Structure formats: structure tokens, C-alpha cells
Amino acid sequence: MTVPDDVPPPPPAAADDGAGTSQAEALTSHREAAALIDALDALRARLHALRLPLDTPNAHAARADLAAAVDQLDDYLLPRLRAEKAPLLVVVGGSTGAGKSTLVNSILGEHVTAPGVLRPTTRAPVLVHHPLDARWFTTDRVLPGLARVTSGTDASAWGADRPAPTRTLRLVASEGIPQGLALLDAPDVDSVETANRELAAELLGAADLWLFVTTAARYADAVPWELLRSAAARRAQVALVLDRVDPGAEAVADDLRRMTAEHGLGDAPIFVVPEAAESGPTALDEGLLPEASVAEVSTWLSGLGGDPEARRRVITATRDGVVDDLVRRAVQLADAADLQESADTRLRDAVERHHADAVRAVEAATSDGAILRGEVLARWQDFVGTSEFFRAIEKGVGKVRDLVVGFFRGRPTQAPQVEQAIASGLESVILDSAEAAAERTYESWRGDAAGTTLLDGLELSRTSASLRSEIAEQVRAWQGDVLTLVREQGASKRGTARALSLGVNALGVSLMVIVFASTAGLTGAEIGIAGGTALVGQKLLEAVFGDDAVRRLAAQAKQRLTARVQAVMTGQAARYTAQLDALGTADAGGAGLRDAARRVEGASRDERATRPSAPDGTTRPWTGRLLRGAGTVREPERPASFPVPAVRADTPEPDDATERPGWWSRVFGRRNGDQ
């Protein structure tokens with residue numbers, strides 16, 4: 001196993017003072033983390049190569065899952081694993097006009113992002129970090145898909161003239177945020193602009209923790225809950241801020257808690273921010289909410305940002321949830337890939353079946369004598385006649401060789417006429433069969449959901465415009481093959497050179513007629529085609545080459561005709577199969593993807609089993625910089641669904657401090673009744 005260059009190295013070896021076991025655990029954990037990254041890289045390669053272009057059952061949902069899986073890897077999972085010590089990234093997202101930017105500014109106590117009355121408000125996302133954490137965000141280790149620009153903390157200069165929707169991340173360094181914590185003000189999840197919505201979803205997917213902001217008027221909107229349900233599905237860590245709550249509207253918070261429990265987010269903390277008044281203690285102060293309004297969320301974030309172990313637990317919980325969700329998606333995508341491969345096989349089988357039927361139709365039409373009727377028969381009868389020539393042949397083979405010279409010398413223009421008639425008839429038979437194959441293939445694809453969309457904009461219900469000339473070329477080439485066979489056979493038989501020099505075309509035409517007269521080759525029996533005229537050609541060839549040679553020549557001529565007909569039909573079939581070849585679905589089977597998913601699952605299980613245990617289960621008091629209002633102002637009643645971590649060692653908990661047991665309680669190492 002190769003350890004990637006950007007995986008942090010294990011800690012240096014300690015002296016042999018009884019800590020050898022801890023050092024060994026750290027080395028093992030580092031090795032298993034590198035193995036997990038290797039497995040995820042292999043899975044990403046499989047996902048990147050996966051194509052789901054055919055409209056198989058649930059293909060639309062599978063394509064969305066594929067994009068989401070790749071985004072999970074690129075935007076969050078791989079960057080986070082390769083930068084495990086990066087600050088905890090809290091993405092502040094929510095509905096249009098929910099007050100995300102005002103909340104971020106108020107928590108920090110300075111204008112770092114620009115709110116406004118125009119919609120959408122936030123366009124370019126703003127990431128606020130401590131100055132000492134800048135290098136984590138100026139490189140592509142975190143949010144690698146976004147370009148970076150830096151900005152001062154005063155957002156007023158660019159607030160009035162915002163840029164257009166962009167893939168740029170605005171970085172703001174601020175002393176107002178604890179080191180190890182970063183806040184990202186994302187675009188609206190329900191923005192009227194598609195680019196904003198997509199970017200918001202991407203940023204939320206890259207978060208270690210969602211701080212989801214909604215309002216008393218819009219907390220039940222469908223779009224935010226779609227994202228929240230997806231967060232619950234992958235066990236992302238989520239906290240909610242219920243903004244703009246009017247006095248006396250506490251029931252709204254209770255209803256929101258009910259909804260979070262119903263959607264699998266019962267442990268998510270909920271913070272209530274009152275509606276800003278025009279004057280008084282809840283009025284805006286230079287665009288900032290009063291400290292009392294943001295005290296609880298500031299206290300909570302300060303405690304989280306100041307406790308490395310609490311941060312690690314949040315990060316690993318989100319990361320583990322993403323890994324598990326990714327494995328689940330990969331298995332489902334493998335099933336979707338199997339459906340794509342089956343559909344590809346089914347469509348190709350239809351093409352092959354109908355064009356193979358066309359080849360067999362040509363074989364039948366050129367073997368039962370049908371092609372010898374009409375113009376071909378008339379020209380053949382003109383060529384051989386039915387009286388003198390036939391009676392001369394019946395008198396004995398010995399006289400044939402003498403007759404051939406005079407007969408062919410006297411009729412030099414009639415052999416080409418027969419040859420042309422045969423070519424014209426053969427071209428019609430092949431073209432009709434190809435047209436039937438095209439029609440049947442088109443109908444088969446049109447009746448298949450996976451095939452019908454491939455027909456849009458393509459003229460595939462008929463044969464190609466150039467097919468007639470292609471068939472004519474192949475027929476002429478086959479007639480040349482027949483003459484070559486006759487010529488080669490004559491060169492190997494002494495005594496026939498003179499006859500061949502005078503009548504090779506006529507002998508070749510005779511061989512063509514025999515090919516079209518019998519499916520079983522020449523047996524010497526009378527062939528009852530048009531009054532026995534085909535027998536003239538048989539007797540003539542037998543007189544020149546012998547019975548065995550004629551049977552062999554007829555079989556070879558038939559094989560070469562079939563090969564050329566197959567070449568024509570293969571070219572026509574390729575017009576359909578080329579559509580599938582271009583999509584790359586022939587090898588879209590899910591076996592390789594399942595193997596990659598199982599490898600990730602195993603590597604993740606091993607990595608979790610070897611993580612160093614936490615030093616203790618208690619929350620460390622935060623003695624560094626506090627977010628605005630943290631630990632200084634508390635609401636008289638706070639929601640019971642979240643823990644309040646210790647903020648300062650000298651800040652006592654209020655007497656009414658209560659909390660609901662849950663995941664966040666375990667993060668901060670608190671239990672009911674702990675003080």
C-alpha cells in the first residue's frame with residue numbers, strides 16, 4: 001500500500017517510557033487512514049468512469065446519485081481525510097432572506113458578509129477564518145473546486161455592487177473567530193438562480209457541520225427539508241437557527257423540534273433568534289443583532305471551536321456518515337450499471353438479430369432459384385438458347401470443349417448482359433433485405449425505453465443513402481470473385497486453357513446461375529429452373545472442369561457471396577451499435593464498482609477500529625477568544641435540545657441549565673445533571 005504524500009505523518013516516536021503501545025496505535029491508525037484514502041481513490045476512479053446514459057429504470061435518480069457521490073468525494077471526503085487537522089468548517093445555509101449574513105456578522109461582531117434586501121442576497125460565498133488558519137483555505141485541500149479571492153472584513157464596499165453568481169470563494173480573515181473554526185456564508189438553498197442553488201448544495205455537502213438558518217414564516221418549506229433529509233441520511237451533523245421569531249411565537253420552535261425528530265434529526269440543536277425590533281433591546285445596532293439575541297449560538301460555537309476533542313468528534317461523525325452513505329450509493333450505482341449493461345446487450349441483440357435475418361433472407365433468395373426469374377432468366381435464355389446448344393451438350397461431354405469455342409466466340413456481348421442482369425437482381429434482393437432489417441431494428445429500439453431516446457435526430461428507420469452504391473460495389477466485387485475462381489480452376493486443369501481464354505466470362509456466368517439454382521450445391525440431378533436452362537450451365541461447367549470441381553466452385557462462390565452480404569449488413573448494423581459504442585455502456589457492469597465499494601467499507605471499518613481513544617470524555621473549558629456574546633449574555637429560557645459546552649472556567653452554569661440526552665451531549669461529554 002502506498003501512503004499518499006498529503007496524508008499527515010504519524011507523530012514522532014516517543015522514548016521508551018511505557019508509551020510504546022500508544023505509539024504503535026498511532027502508527028496503525030495512520031496506516032489504516034492511508035488505506036482508506038487508497039480505497040476511496042480507487043472508488044472515485046470507478047465512479048468517474050461510470051456512464052449511465054441509457055434510460056433504464058430509475059436512471060435519472062442514479063445519475064443524480066452518481067454526481068452526488070463524486071461530489072461527496074471531491075468536495076468533502078478526500079479533502080477532509082487528507083487534511084484531518086483542518087479547522088472545523090461550519091457552513092451557514094438556509095432559505096432566501098432567512099438572515100444568514102446578518103447572523104454571521106452578528107456572531108462575529110463585524111461586517112464580513114453583505115446582507116441586503118435584494119434577492120438573491122448572498123452570491124459569492126464568504127468564508128471567515130482566523131488569520132492563523134489562512135493556509136488551510138488558500139490551498140485546494142479544502143473546497144478544491146472553488147477559486148479563491150481574499151477580502152478585508154469590511155463588506156460595505158462591495159455589498160452594494162455584488163458580483164454575478166460565481167464559483168469564487170471569498171476568504172475573510174477575522175480575529176473575531178476562534179482558531180480551529182471557520183464559518184462559511186453560503187448562497188440561498190432556494191435561490192431563483194440555478195447556479196446559486198447548486199453551489200449552496202455543494203457547500204453544504206462540504207461542511208463538517210451545517211448551521212441551517214430558517215425563519216418562523218418559512219421553517220416548513222419543502223426545499224430546505226429536502227436538504228435536511230439528505231443530511232440525516234448521511235448522518236451529517238446539523239444545528240438549526242430559527243430566526244425572526246416574534247414574541248409569543250414559541251410554539252413555532254416546538255413545531256420545528258417535532259419536524260426535526262420526524263426527519264431523523266432529533267439530536268440537532270435548535271437556537272431561537274428573536275425578530276429584530278425598530279428600537280429597544282432587540283433592535284439592530286449598525287446592522288448587527290444585539291449580543292443577547294446571538295448569545296446561545298455564539299456560546300455553543302465558541303465551546304465547539306475551543307475544544308479539539310469536540311471538534312474531532314463532530315468531524316469524524318460527519319466523515320463516517322459520508323463514507324457509509326458513499327458505500328450505499330456505490331452499491332446502488334452498481335445495480336444501475338448492471339441495468340445499463342443489460343440494456344446495451346438487449347439493444348445490440350436486436351440489431352444483430354434483425355441484420356442476421358437479412359443475411360439469411362438474401363441466402364434464401366439466392367438459393368431457391370427466385371433470382372433467376374424475370375430479367376435474369378430472359379438474358380440467360382438469350383445467352384444459351386434451349387435447342388441446338390442443349391442437344392449438343394446432351395450428345396456427350398467430349399464434343400462440348402469443341403463447341404464452347406465456337407459458341408462463345410459467336411456471342412461475345414451476351415455474357416455481359418447476363419452478368420448485368422444478375423447484378424441488378426442481386427442488388428435488389430440485398431437492398432430489400434437491408435431495408436427490412438433497418439425497419440425492424442428501428443421498431444425494436446423505439447419500443448424500448450433505453451433505445452427510443454437514441455433515435456432522436458437520427459435517420460435510422462431507413463438504410464443509409466449510400467447503401468445502394470455500396471451494394472453495387474460489393475456485387476461487382478463478388479462477380480469478380482467468381483471469375484477469379486473460374487480462372488484459377490482453369491489454370492490447374494490441362495486442356496481447358498484454350499476454352500477459358502475464349503469463354504471465362506461465360507463460364508463465370510454459368511457458375512453464378514448454378515449458385516442461385518440450388519442450396520445443396522451440384523448433385524448432377526436435373527434442376528428444374530425455367531425449363532432446365534440452369535442445367536445447361538451445370539453441364540457446361542462439368543464438361544470443362546469435372547463434377548467435383550464444379551461442386552467445389554459453387555460452394556466457394558456461395559461462401560464469398562455470403563461474406564460480402566454480411567459485410568453490407570455489418571456496416572448497416574454499425575449505424576445502430578455506433579450509438580451504443582459512443583456511450584460506452586457495453587462494459588458498464590457493476591462488478592468492479594461493488595468490489596471498490598466493499599474495499600472502502602472494509603478499509604473504513606479497519607480505520608475506525610484503530611482510532612486512538614479520546615483522552616477523556618469531558619469538555620475542556622475554552623479560555624481563548626469568544627464569539628460575540630458568548631458566555632456573557634444568556635436567554636432566561638433556552639431550548640432543551642442542545643448542550644451548552646463550558647466556555648470559561650470561571651463562568652458558572654445557570655441554575656436552570658438542562659439538556660436532552662443525544663449525540664451532541666456525547667460530543668461534549670455531558671450528561672443530564674452534570675454541572
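No hydrogens, no waters, no symmetry mates; every other heavy atom, side chains included, goes into these values. Predicted, not measured: the structure shown is a model, and the values here were computed from it.
Side chains of Gln72 and Arg234: a donor-acceptor N/O pair is absent below 3.5 angstrom, by distance only. No hydrogens or angles considered: a donor-acceptor pair under 3.5 Å links the side chains of Gln340 and Thr56. A side-chain N or O of Gln332 and one of Arg328 form a donor-acceptor pair less than 3.5 Å apart. A donor-acceptor contact closer than 3.5 angstrom links the side chains of Ser444 and His354. With no hydrogens or angles considered, no side-chain donor-acceptor pair links Ser461 and Glu439 at under 3.5 Å. For the residue pair Thr463 / Gln572, no side-chain donor-acceptor distance below 3.5 Å is found, with atom types taken as modelled. In the model, Asp221 has no side-chain atom that pairs as donor or acceptor with a side-chain atom of Ser95 under 3.5 Å. If you check the side chains of Thr194 and Arg197, you find a donor sitting under 3.5 Å from an acceptor.
For Arg46, the CZ atom sits in a loose shell: 12 or fewer heavy atoms of surrounding residues, nucleotides or ligands are nearer than 6.0 Å. Counting non-hydrogen atoms of other residues, nucleotides and ligands closer than 6.0 Å to CG of Asn58 gives a total of 12 or fewer.
One N or O on the side chain of Arg63 and one on the backbone of Leu52 form a donor-acceptor pair closer than 3.5 Å. Panel note: side chain Thr570, backbone Ala567; no donor-acceptor pair is recorded below 3.5 Å. Ser469 places a side-chain N or O within 3.5 Å of a backbone atom of Ser466 that can act as its donor or acceptor partner. With Trp478 contributing its side chain and Arg560 its backbone, the two residues share no donor-acceptor pair below 3.5 Å. Of the possible donor and acceptor atoms, none in the side chain of Tyr576 sits under 3.5 Å from a partner among the backbone N and O of Glu352. Side-chain N or O atoms of Asp190 include one that pairs as donor or acceptor with a backbone N or O of Thr96 at under 3.5 Å.
Contact check for Arg51 versus Leu583: no side-chain heavy atoms found under the 4.5 Å cut-off. Using a 4.5 Å heavy-atom threshold, the side chains of Glu193 and Asp188 count as separate. Within the 4.5 Å cutoff, side-chain heavy atoms of Arg348 are placed close to those of Asp581. Residues Asp335 and Arg594 have side chains in contact (heavy-atom distance under 4.5 Å, counting atoms from C-beta outward). Side-chain contact check for Arg462 versus Tyr442: every heavy-atom pair is 4.5 Å or farther apart. Inter-residue side-chain proximity for Leu454 and Leu580 is flagged as met; some heavy-atom pair is nearer than 4.5 Å. In this structure, Val359 and His355 have side chains that are not in contact, with every pair of non-hydrogen atoms separated by 4.5 Å or more.
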Salt bridge (Lys or Arg N to Asp or Glu O under 4.0 Å) between Arg235 and Asp320, worked out: CA-CA 8 Å; Arg235 302 202 311 277; Asp320 290 348; 5.7 Å; no
Begin from the C-alpha positions of Arg329 and Asp325 and carry the test salt bridge (Lys or Arg N to Asp or Glu O under 4.0 Å) through to its verdict. CA-CA 6 Å; Arg329 287 183 190 273; Asp325 189 54; 3.1 Å; yes
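One distance of note links CG of Leu73 with CZ of Arg80; it measures 15.0 Å at 0.5 Å rounding.
Residue pairs meeting the salt bridge (Lys or Arg N to Asp or Glu O under 4.0 Å) criterion with at least one member in residues 442-457, sequence neighbours excluded, are Arg346-Asp448, Glu443-Arg446. Screening residues 583-604 for ring-ring contact (aromatic ring centres under 6.0 Å, His included), with sequence neighbours left out, gives no hits.
For the pair Asp41 and Arg44, the salt-bridge criterion is not met [side-chain N within less than 4.0 Å of a carboxylate O].
Among Leu467, Val362, Val475, the one residue that satisfies the side chain to side chain contact (heavy atoms under 4.5 Å, CB included) test with Val568 is Leu467.
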